[in-house]
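What follows is one structure encoded as structure tokens, with my remarks underneath.
When reading the values below, keep in mind they use all heavy atoms of this one structure, side chains included, and skip hydrogens, waters and symmetry mates.
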Amino acid sequence: MNLIMMILLISTALSVILALVSFWLPQMSPDAEKLSPYECGFDPLGSARLPFSLRFFLVAILFLLFDLEIALLLPLPWGNQLSNPTLTLLWAATILILLTLGLIYEWLQGGLEWAE
């Protein structure tokens, strides 16, 4: 019990010391650039009704779509422990093939080209 109390005391003291140092240590010198909001590289002081490039949204949606493969393939190592791992590997291969075909389609259609 004494060891646990000592560990809790040391970790609490260290946390408080680090929190206090983090408030005193940084040098605050705000200027107009640091105080202005940053929104995707566009001028935050202009009109909010300017036309926005749909290509930016297309690339963002494609990134999210192809990034989901990580979430879909994450349980794959645990799927190998099942009684029939070939079915799990078949589904994983199907997902990867569909994503690869989608990537090839978008590439050929020019959806990944940022500049015209």
Side-chain angles (χ1 to χ4, degrees):
M1 184 69 176
N2 196 12
L3 179 64
I4 294 174
M5 289 302 290
M6 193 59 135
I7 290 173
L8 286 175
L9 181 68
I10 290 172
S11 63
T12 304
L14 186 62
S15 300
V16 169
I17 289 170
L18 288 175
L20 291 176
V21 167
S22 72
F23 283 113
W24 289 326
L25 193 60
Q27 300 196 358
M28 302 294 235
S29 58
D31 58 356
E33 293 291 326
K34 289 183 181 178
L35 293 176
S36 68
Y38 180 75
E39 296 179 8
C40 304
F42 294 102
D43 183 21
L45 304 176
S47 173
R49 302 288 182 225
L50 292 175
F52 197 70
S53 173
L54 288 178
R55 189 160 305 276
F56 175 79
F57 286 117
L58 178 64
V59 171
I61 288 172
L62 286 175
F63 172 76
L64 288 175
L65 176 71
F66 291 115
D67 196 44
L68 281 178
E69 71 179 271
I70 295 171
L72 292 173
L73 297 176
L74 191 62
L76 188 59
W78 291 281
N80 288 337
Q81 314 252 338
L82 296 174
S83 60
N84 191 6
T86 56
L87 184 62
T88 305
L89 293 174
L90 178 69
W91 281 110
T94 305
I95 290 170
L96 286 175
I97 288 170
L98 283 174
L99 285 172
T100 304
L101 290 176
L103 179 64
I104 291 169
Y105 176 75
E106 285 296 326
W107 197 321
L108 293 177
Q109 293 295 317
L112 301 176
E113 297 294 327
W114 186 256
E116 306 239 358

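- Atoms CD1 and CG, from Ile104 and Leu99 in turn, are 11.0 Å apart once rounded to the nearest 0.5 Å.
- With sequence neighbours excluded, the residues that form a side chain to side chain contact (heavy atoms under 4.5 Å, CB included) with Leu18 are Leu14.
- A donor-acceptor pair is defined here as one N or O able to donate and one able to accept, closer than 3.5 Å; no such pair exists between the side chain of Thr12 and the backbone of Leu9.
- Applying the side chain to side chain contact (heavy atoms under 4.5 Å, CB included) criterion to Asp67, with sequence neighbours excluded, gives Phe63, Ile70.
- In this structure, the separation between CG on Leu8 and CG on Leu3 is 9.5 Å, given to the nearest 0.5 Å.
- Shown here are the side chain to side chain contact (heavy atoms under 4.5 Å, CB included) partners of Leu20, two or more places apart in sequence or in another chain: Val16, Trp24.
- Taking the side chain to side chain contact (heavy atoms under 4.5 Å, CB included) definition, one finds that Leu98 meets it with Thr94, sequence neighbours left out.
- Cluster partners of Leu101, using a side-chain heavy-atom cutoff of under 4.5 Å among ILVMFWY residues and allowing indirect links, are Ile97.
- Residues meeting the side chain to side chain donor-acceptor pair (under 3.5 Å) test with Thr86, sequence neighbours left out: Asn84.
- The distance from the CG atom of Leu108 to the CG atom of Leu103 is 9.5 Å, given to the nearest 0.5 Å.
- Under a hydrophobic-cluster definition in which Ile, Leu, Val, Met, Phe, Trp and Tyr are linked whenever side-chain heavy atoms come within less than 4.5 Å, directly or via other members, Leu90 and Ile95 are assigned to different clusters.
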